[in-house]
Amino acid sequence: MKFHQPQTLHSIAEIIGVRYIGNSDFPVFGTNEIHRVTPGDIVFVNHPKYYDKALDSAATVILIDKEVECPEGKALLISDDPFRDFNLINLHFTKLNNFRDELHNVEIGEGSFIHPTAVLGNDVKIGKNCHIFPNVVIGDRTVIGDHVIIQANTVIGGDAFYYRKLNGNFDRLVSVGNVVIENQVEIGNGCTIDRGVTDATIIGEGSVLDNQIQIGHDTIIGKKCLIASQTGIAGCCIIEDEVTIWGQVGMASGVRVESGTVLLAKCGVNRDLKKGTYFGTIAEEFRDYLRKEVKLKNL
């Protein structure tokens, strides 16, 4: 999430009531999660296991729960609860409407048809010659390109599934990102695409999604990907261009699948995959899988 206007380290520290290490006028441009941070962003970290990763990331402001040596050219915000304060910063700069307020600032391109039963949030942009079917729900700040088809009962821009356990309950990391659907995308019936926590969940140009597919927060689907029904892709994944994913594939968070890869039905993807064809509960090269099956059969 980028702020509408640049902030300073001091102004951010005042919003959340914490002390800081660095120049008071150190520039701050937004917030982001570790996998999408850019210079000028705030990233939060609340576990020693991830201190080095956060401190060495592209982020230049680290919201952290312990005073540590500040890397050169960066700044620290010292908080007793970075998770909580990350939410406070995001909610200070982004209002969550959740369909409570009247529709406003919606842009719809020439030739687009939106069924009367579809529900649109605030600050939504829809391009030219799109077709939005009955009972589609499109959340706040969603951006849809030209010639996009979204079929019935699909939800675009729901909350991210991102929680921590706090005092025996689940505490949500607030989602202030959005969904970007590029040109020529087709999305089937009953799909759910979560918005990013602080950035965009992206469906690349020319990609086609079948029915009943779940795409997690901040995931990037490349161009001309083909995804079959009942596939579940967790958050923060990167699916490169022209990947084919067949039915009931399950994908763990944070994995990358290289361009041109084919995932056969019911693959379980728990790691990054190079280009190839994969099959199996724990995805393995299809030829290797077949060789193993032959050996087992001949035992």
Side-chain angles (χ1 to χ4, degrees), residues 1 12 15-18 30-37 41-54 57 59 61-66 77-100 121 137-142 154-180 190-203 212-221 230-239 249-256 268-271:
M1 177 189 71
I12 296 296
I15 289 169
I16 56 177
V18 302
T31 66
N32 223 328
E33 288 188 275
I34 189 69
H35 59 287
R36 300 283 285 274
V37 290
D41 286 342
I42 301 170
V43 69
F44 85 92
V45 60
N46 57 358
H47 194 289
K49 180 180 178 181
Y50 302 109
Y51 283 174
D52 288 344
K53 185 176 182 180
S57 72
V61 181
I62 294 87
L63 177 61
I64 191 169
D65 59 357
K66 181 181 179 181
L77 293 162
I78 312 300
S79 165
D80 65 334
D81 190 343
F83 189 104
R84 176 201 65 209
D85 289 339
F86 195 71
N87 273 343
L88 290 174
I89 295 168
N90 288 332
L91 288 172
H92 181 86
F93 291 100
T94 302
K95 181 181 179 183
L96 294 184
N97 294 300
N98 289 328
F99 302 101
R100 290 176 178 266
V137 178
I138 298 176
D140 292 353
R141 302 179 301 281
T142 298
T154 283
V155 178
I156 308 292
D159 285 327
F161 187 71
Y162 195 137
Y163 294 84
R164 65 169 174 173
K165 200 75 173 287
L166 180 67
N167 299 325
N169 298 310
F170 292 108
D171 184 28
R172 180 193 294 276
L173 190 64
V174 175
S175 306
V176 296
N178 70 337
V179 176
V180 175
C191 295
T192 49
I193 301 175
D194 294 343
R195 68 182 181 269
V197 171
T198 49
D199 212 314
T201 302
I202 300 172
I203 310 299
Q212 298 177 329
I213 290 169
Q214 157 68 13
I215 307 292
H217 68 89
D218 296 286
T219 281
I220 299 174
I221 306 294
Q230 298 183 21
T231 287
I233 299 175
C236 310
C237 293
I238 298 176
I239 313 300
V249 167
M251 195 171 297
S253 64
V255 303
R256 177 186 288 266
V269 181
N270 65 344
R271 67 193 188 284

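Position 1 is the first residue of the sequence; numbering continues from there.
- Applying the side chain to side chain donor-acceptor pair (under 3.5 Å) rule to N90 yields the partners T31; only residues at least two apart in sequence or on another chain are considered.
- Qualifying side-chain contact (heavy atoms from CB on, under 4.5 Å) partners for H92, counting only residues two or more places apart in sequence or in other chains: I15.
- The side-chain contact (heavy atoms from CB on, under 4.5 Å) test applied to D52 returns D56, not counting sequence neighbours.
- Residues passing the side chain to side chain donor-acceptor pair (under 3.5 Å) test with N178: none are found, sequence neighbours excluded.
- The salt bridge (charged side-chain N to carboxylate O under 4.0 Å, His left out) check on D85 picks up nothing, with sequence neighbours excluded.
- Under the salt bridge (charged side-chain N to carboxylate O under 4.0 Å, His left out) criterion, D194 pairs with no residue, sequence neighbours left out.
- Partners of N98 according to the side chain to side chain donor-acceptor pair (under 3.5 Å) rule, which considers only residues two or more places apart in sequence or in another chain, do not exist here.
- Applying the salt bridge (charged side-chain N to carboxylate O under 4.0 Å, His left out) rule to R141 yields no partners; only residues at least two apart in sequence or on another chain are considered.
- A search for side chain to side chain donor-acceptor pair (under 3.5 Å) contacts involving N97 returns D140, not counting sequence neighbours.
- Applying the side-chain contact (heavy atoms from CB on, under 4.5 Å) criterion to T192, with sequence neighbours excluded, gives V155, Q214.
- Contacts of D65 classified as salt bridge (charged side-chain N to carboxylate O under 4.0 Å, His left out), with partners at least two apart in sequence or in another chain: none.
- The side-chain contact (heavy atoms from CB on, under 4.5 Å) test applied to F161 returns Y163, not counting sequence neighbours.
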